[in-house]
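When reading the values below, keep in mind they use all heavy atoms of this one structure, side chains included, and skip hydrogens, waters and symmetry mates. Please read these numbers as outputs of a predicted model, since none were measured by experiment.
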Number of protein chains: 2
Amino acid sequence: MAFRHPDRDQIRIEDVLSALGNGVRLAVARVLDAGGEHNCTSVLNTLGITAKSTMTHHWRVLRDSGVIWQRPSGRENLLVLRREDLDARYPGLLDAILSGARADEALEHGDRPA
Amino acid sequence: MAFRHPDRDQIRIEDVLSALGNGVRLAVARVLDAGGEHNCTSVLNTLGITAKSTMTHHWRVLRDSGVIWQRPSGRENLLVLRREDLDARYPGLLDAILSGARADEALEHGDRPA
DNA sequence: CCCACTGTACCGCGATTGTCGAACAAAGGG
DNA sequence: CCCTTTGTTCGACAATCGCGGTACAGTGGG
């Protein structure tokens with residue numbers, strides 16, 4: 001099973017934004033950004049249980065928009081953020097989004113802003 | 001007609017991203033960012049003709065997500081980017097998105113990247 | 001005062017999205 | 001070898017989206 005990923009030049013910011021404009025996928029990006037090797041179920045567990053087929057759908061959206069690499073390895077798929085490509089195409093975007101997501105989470109957990 | 005806008009603290013990055021993860025609304029943001037006072041039809045004309053009711057829908061999405069202010073003035077509505085609030089909540093996000101959109105446009109017009 | 005202008009409200013339509021369950025496929029481990 | 005693990009594919013479903021048309025509402029100009 002080989003996945004189709006867009007080339008760096010084929011990435012469109014519109015697709016990136018709509019891919020990450022979804023709580024589940026934004027959370028996935030944050031997990032992947034935290035580092036380490038991840039397969040599908042490890043991310044899935046971090047997010048609370050969801051059907052596997054639902055996640056397969058989200059992987060496809062993230063893949064097609066150019067946000068992640070998805071590489072088969074043994075009987076798993078390894079998931080990695082395409083940070084280099086995103087940073088090259090859209091400097092500062094990924095960092096702004098990820099730290100923005102952290103800020104939102106802090107707000108919702110009742111922490112008052114400074 | 002008074003519009004409901006979210007407070008700065010109620011803005012969620014997920015909503016901002018999905019609002020701008022759409023070609024028309026991203027284009028609207030770029031027009032507003034270019035400066036000047038804008039009413040609905042002036043933006044609408046810049047984008048090529050679309051039904052007024054369609055744009056009303058997009059204004060609502062942009063408003064509800066906290067991306068724009070929409071203020072009635074006479075028989076028009078003035079549209080303004082909420083740059084201060086967005087920059088405060090998500091430093092660098094708006095600039096990254098807008099310059100990313102410009103970069104995409106350049107790519108699609110056949111200009112090769114440097 | 002009436003009309004032209006600007007934009008909203010409401011409705012309907014087809015397409016897409018997010019979610020799930022069930023069946024399938026590939027890879028390893030015993 | 002078989003069975004478990006991992007994830008995909010397919011089909012279904014409700015909900016939302018994007019878009020337009022028509023009707024309405026408020027403002028301001030003549």
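- Atom CZ of R25(B) and atom CD1 of I68(B) lie 10.5 Å apart (nearest 0.5 Å).
- Atom CG in N77(B) sits roughly 17 Å away from atom P in dA25(D) (whole-Å rounding).
- Heavy-atom distances to DNA chain C give each of H57(B) and T50(A) a nearest nucleotide, and the one nearer the 5′ end belongs to H57(B).
- Comparing dT8(D), dG21(C), dT8(C) against the side chain of Q70(A) picks out dT8(D) as the nearest.
- For the pair R71(B) CZ and dT6(C) C1', the interatomic distance rounds to 16 Å; values are reported in whole Å.
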Review item, nucleotides 28-30 of chain C N/O atoms under 3.5 Å of protein N/O:
none

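- The backbone N or O of V67(A) lies less than 3.5 Å from no partner atom in the side chain of R82(A), so there is not a single donor-acceptor pair.
- When distances are taken from the side chain of W59(B) to each of dG7(D), dT8(C), dT9(D), the shortest belongs to dT8(C).
- There is no side-chain donor-acceptor pair under 3.5 Å between R63(B) and H5(B).
- With respect to the salt-bridge test (charged N to carboxylate O, under 4.0 angstrom), the residues R89(A) and D104(B) qualify.
- Here L107(A) contributes atom CG and I13(B) contributes atom CD1; the two are 12.0 Å apart, rounded to the nearest 0.5 Å.
- Both K52(A) and R63(B) lie close to DNA chain C; mapped to their nearest nucleotides by heavy-atom distance, the more 5′-ward contact belongs to R63(B).
- A salt bridge links R83(A) to D87(A): at least one charged side-chain nitrogen sits closer than 4.0 Å to a carboxylate oxygen.
- When rounded to the nearest whole Å, the span between CD of E76(A) and P of dT4(D) equals 18 Å.
- Note on T41(B): only backbone sugar-phosphate atoms sit closer than 4.0 angstrom, heavy atoms only; bases stay farther off.
- For dT9(D), the OP1/OP2 oxygens have a side-chain nitrogen or oxygen of R60(A) closer than 4.0 Å.
- Between the CG atom of N39(B) and the P atom of dG7(C) there is a distance of 5 Å, given to the nearest Å.
- In this structure, D64(B) atom CG and dT8(C) atom P are separated by 12 Å, rounded to whole Å.
- For a distance-only test at 3.5 Å, the side chain of T56(A) fails to qualify as a donor-acceptor partner of the base of dG7(D).
- Atom-to-atom, CZ of R25(A) to P of dT17(C) comes out at 9 Å; the value is rounded to the nearest Å.
- Of all heavy-atom pairs between L17(B) and L20(A), the closest is CD1-O, 3.6 Å.
- When rounded to the nearest whole Å, the span between CG of L44(A) and C1' of dT19(C) equals 13 Å.
- Put simply, L47(B) and L32(B) are part of the same group of oily side chains (I, L, V, M, F, W, Y) that touch within less than 4.5 Å, one to the next.
- Closest to the side chain of H58(A), from the set dG18(C), dT8(D), dG7(C), is dG18(C).
- To the nearest angstrom, C1' of dC17(D) lies 14 Å from CD of E14(A).
- Taking the side chain of F3(B) as heavy atoms from C-beta on, and the options dG20(D), dT8(C), dC20(C), the nearest nucleotide is dT8(C).
- If you check distances only, the side chain of S53(A) does reach the base of dG21(C) with a donor-acceptor pair under 3.5 Å.
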